[in-house]
Amino acid sequence: MIISIRTQASSEERGQLMALLCRITGSQRPFTPTYIDGHEVIALDGNQCDEQARLLLTQQRAVERLTPIKTPYKLVSRAFLSDDSRMVVGDALGGTAVTISQAAPVIMAGPCAVENRAQLLETAQAVKAAGAQVLRGGAYKPRTSPYQFQGLGIEGLRLLAEARELTGLPIITEVMEPELVGTVAQYADILQIGSRNMQNFPLLLAAGRDAARRPVMLKRGLAATIDEWLLAAEYIVAAGNPHVILCERGIRSFDPQTRNVLDLACVPLLHELTYLPVIVDPSHATGRRELVPAMSRSAIAAGAEGLILEVHPDPNSALCDGRQSITAEQLAKIVYDTRLLAQMMAGDKKLSYVA
Ligand code: PEP
Ligand code: MN
């Protein structure tokens with residue numbers, strides 16, 4: 001159930017509501033409402049709230065209305081908000097604003113890892129020239145082996161900020177620890193929570209509570225179900241940050257031919273279940289650069305709001321994920337194809353897109 005709070009509710013009325021919520025749920029912690037689409041809301045699980053509790057809630061002066069939601073996730077549910085989200089990202093730190101919506105796919109691209117200044121700045125300029133709108137690059141890298149390149153850390157963040165200054169491209173980069181959310185948010189326009197951390201609950205809460213409320217791109221866990229993924233998104237939203245983007249990056253399966261299996265059916269399915277935008281990552285999903293263009297087109301055809309792609313000036317010498325990294329020339333072709341495709345899908349018969 002979702003409780004919508006009246007805009008004009010006094011602080012006393014709010015205080016009464018919060019006290020009642022603590023009594024109903026047995027919680028010691030005060031509830032933090034989230035602002036979604038101009039409404040201040042709090043969600044409760046059905047089994048936290050019997051008929052009598054519901055009656056008490058409806059009698060509260062601070063309560064505007066109660067919306068019953070059957071799914072385990074509430075605030076991210078399509079049953080709560082029927083409109084697709086239209087998220088403007090990237091202009092808080094001097095970058096060029098980008099709108100994430102179904103109208104035109106957003107292309108995020110850049111190296112798996114920030115390796116050094118020359119590599120990043122060269123890639124950033126090439127990514128911009130290719131027509132992508134957001135620069136990706138890992139400063140903190142979750143590597144399977146402790147002996148692999150772990151990223152440049154804070155120095156990587158500084159280089160990303162320099163690349164934004166140079167190109168105007170907003171930055172997306174991964175944060176792995178709750179304690180670093182504030183620091184990464186000082187540099188990044190979008191926080192990435194990686195696959196391996198999809199259910200790192202302290203990290204989800206920290207990204208939800210951070211004062212900067214940076215948009216968070218939540219990648220699907222290696223073997224996460226859709227419900228687990230949406231509940232992870234719910235953690236961030238319930239903690240106070242409604243700006244969540246989902247990213248399908250492939251799930252584990254039995255065949256080592258591809259790194260993962262790209263679950264494209266999840267794109268239209270998620271659009272039924274939630275209003276959150278869905279970005280597809282064909283690089284990590286396939287692990288093979290020759291498959292990336294076809295899977296990029298397929299993702300857009302499936303209705304994704306955008307792509308995130310790994311690009312490197314010399315993929316074969318990349319310190320991380322070179323096998324799945326494409327060149328800037330390949331990126332330019334993908335940008336062209338996907339924009340044309342999106343235009344066609346929007347019903348524009350003229351197909352006038354020119355790079
Ligand atoms: C990445 O984006 O570089 C990354 C590590 O992705 P994932 O969490 O999907 O493996
Ligand atoms: Mn990578």
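Computed from heavy atoms alone, side chains included, the values below leave out hydrogens, waters and symmetry copies. Note that ligands are numbered from 1 as they come in the structure, with each ligand's atoms numbered from 1 the same way.
Glu248 contributes a side-chain N or O that, together with a main-chain N or O of Asp263, makes up a donor-acceptor pair within less than 3.5 Å. Formation of a donor-acceptor pair under 3.5 Å by the Arg297 side chain with backbone atoms of Val292 is not found in this model.
When the Mn ion (ligand 2) is compared with the N/O/S atoms of His284, atom NE2 turns out nearest. Atom OE2 is the N, O or S atom of Glu310 at the shortest distance from the Mn ion (ligand 2). The minimum distance between the Mn ion (ligand 2) and any N, O or S atom of Asp321 involves atom OD2.
Side-chain contact, Glu64 with His39: no donor N or O sits under 3.5 Å from an acceptor N or O.
For ligand 1, the atoms sitting less than 4.0 Å from at least one non-hydrogen atom of Cys112 are 3 (O), numbered in the order shown with element in parentheses. Less than 4.0 angstrom separates some heavy atom of Arg136 from each of these atoms of ligand 1: 1 (C), 2 (O), 3 (O). Of all the atoms in ligand 1, the ones that sit under 4.0 Å from a non-hydrogen atom of Arg249 are 7 (P), 9 (O), 10 (O).
Look at Cys320 and the Mn ion (ligand 2): no N/O/S atom of the residue is under 2.8 Å from the metal.
Counting protein heavy atoms only, atom 8 (O) of ligand 1 is closest to Ser195 N, 2.8 Å.
Within the 4.0 Å heavy-atom shell around ligand 1 one finds Gln192.
Around atom CZ of Arg252, no more than 12 heavy atoms belonging to other residues, nucleotides or ligands sit under 6.0 Å away.
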